[in-house]
Amino acid sequence: MLVKVLGAAAGGAFPQWNCACHQCERLRAGTFAGQARTQAQVAVSENGVAWTLLNASPDLRIQVEATPQLWPTGGSLHSPIRSVVITSAEADTVTGLLSLREFQPLDIYAARSVLRILREDNSLFAVLDRVPRQATWKEIQPGVNFCVNGELEFHPIPLPGGFPGFVTANRKAELDAREAVLGLVIESPSGARLAYLPGVAKVEDSWREWLDECDVLLFDGTFWTDDELCRVRGGGASPGAVKTPGAIKTKTASEMGHLPLSGPGGSISALKKITRPRKIFFHINNTNPILDESSEAFAEVRDAGWAVARDGMEIDI
């Protein structure tokens, strides 16, 4: 199985367009010991010819142009991208679908609840249905395996989490909560296995057995500490947070559905007994100190046996 990390950052990318935090400022100034990253995006293929996107980031167009394996050939409309698997209805996972609107046949896989949000509640995605067979929308179910491009087998796993905040309460009441956030275990005909878990609120004990059967783990690396945004941006519950009158309350990592990396209950500790897969943190927020390769946090991650994903990373399983 071939795995391409097209983008490794969380929503907003790094640097984030409207952020002047210490890390974003130093990156723009050229004094940061790390590199820029676009928003989270992965592509997988069994043969290097037909590719499947895992979600569709807002940065998808520039990510495709930066990846020769995904360029069109043959002198006409063509793309090696044959399918997209969507794991939630968040803007950061679906907005890139609109960049794939130029009449290219495409299979789009998502849970029924996510399909209802996209196709019934948002008419903008009808731009993918202007001609017959432009997009074929395929319903998937948590716990039920499905095959993509006749090659890769996907096992969707329900993860703790909820539907996006823009989904109305009435609509949420009609949807299946188990379909709000999915993780994926992807297996090739040769037996290679990739676990793709970009948004994790909690590590369940029952996961450890199947995680140790995987060759590579791409795991939620959004925040280093639970109160990270509160400390950096203020407006939160952290003791060190700056209180700005009238400011919107800044959420903690756990309130946003992300398990922080550090600390006794963090993902480094929770997954330390998972020894088989190559472990890679992915979907990294611009405030996370692991982006700084001179930081103690980066050293701690490395010493714990983890890698930090970067744009352009290639993994051959």
Taking all atoms of both residues into account, what is the closest heavy-atom pair of L261 and D220, and its distance?
CD1-O, 4.0 Å

Can you name the nearest heavy-atom pair linking S188 to E46, along with the distance?
CB-CG, 4.3 Å

Could you check L194 against V3 for side chain to side chain contact (heavy atoms under 4.5 Å, CB included), going step by step and ending with a plain yes or no?
CA-CA 9 Å; L194 166 70; V3 182; 4.0 Å; yes

What I want to find out is whether E25 reaches R28 closely enough, with some N-O distance under 4.0 Å, to be called a salt bridge.
no

Are F146 and Y109 near enough that their ring centres are under 6.0 Å apart?
yes

What about F32 and F14, are their ring centers closer than 6.0 Å?
yes

[atom1]-[atom2] distance between [X] and [Y], expressed to the nearest 0.5 angstrom:
| X | Y | atom1 | atom2 | result |
| --- | --- | --- | --- | --- |
| L291 | R37 | CG | CZ | 5.0 Å |
| T52 | D107 | OG1 | CG | 9.0 Å |
| Q23 | N285 | CD | CG | 9.5 Å |
| I62 | D311 | CD1 | CG | 8.5 Å |

How far apart are the C-alpha atoms of D215 and R276, what are their side-chain angles, what is the distance that settles it, and do they pass the salt bridge (charged side-chain N to carboxylate O under 4.0 Å, His left out) test?
CA-CA 7 Å; D215 300 289; R276 175 181 170 178; 2.9 Å; yes

With distance as the sole criterion, is a donor-acceptor pair present between the side chains of D176 and S113 under 3.5 Å?
no

Hydrophobic cluster identity match, L60 and W51, side-chain contacts under 4.5 Å:
yes

Less than 6.0 angstrom from the centroid, inside 45 degrees of the normal: does R119 satisfy that with respect to the ring of F125?
no

Mind telling me whether H258 and F223 have parallel, tilted or perpendicular rings, with 30° and 60° as the class edges?
perpendicular

Verify, without hydrogens or angle tests, whether E151 (side chain) and N47 (backbone) share a donor-acceptor contact under 3.5 angstrom.
no

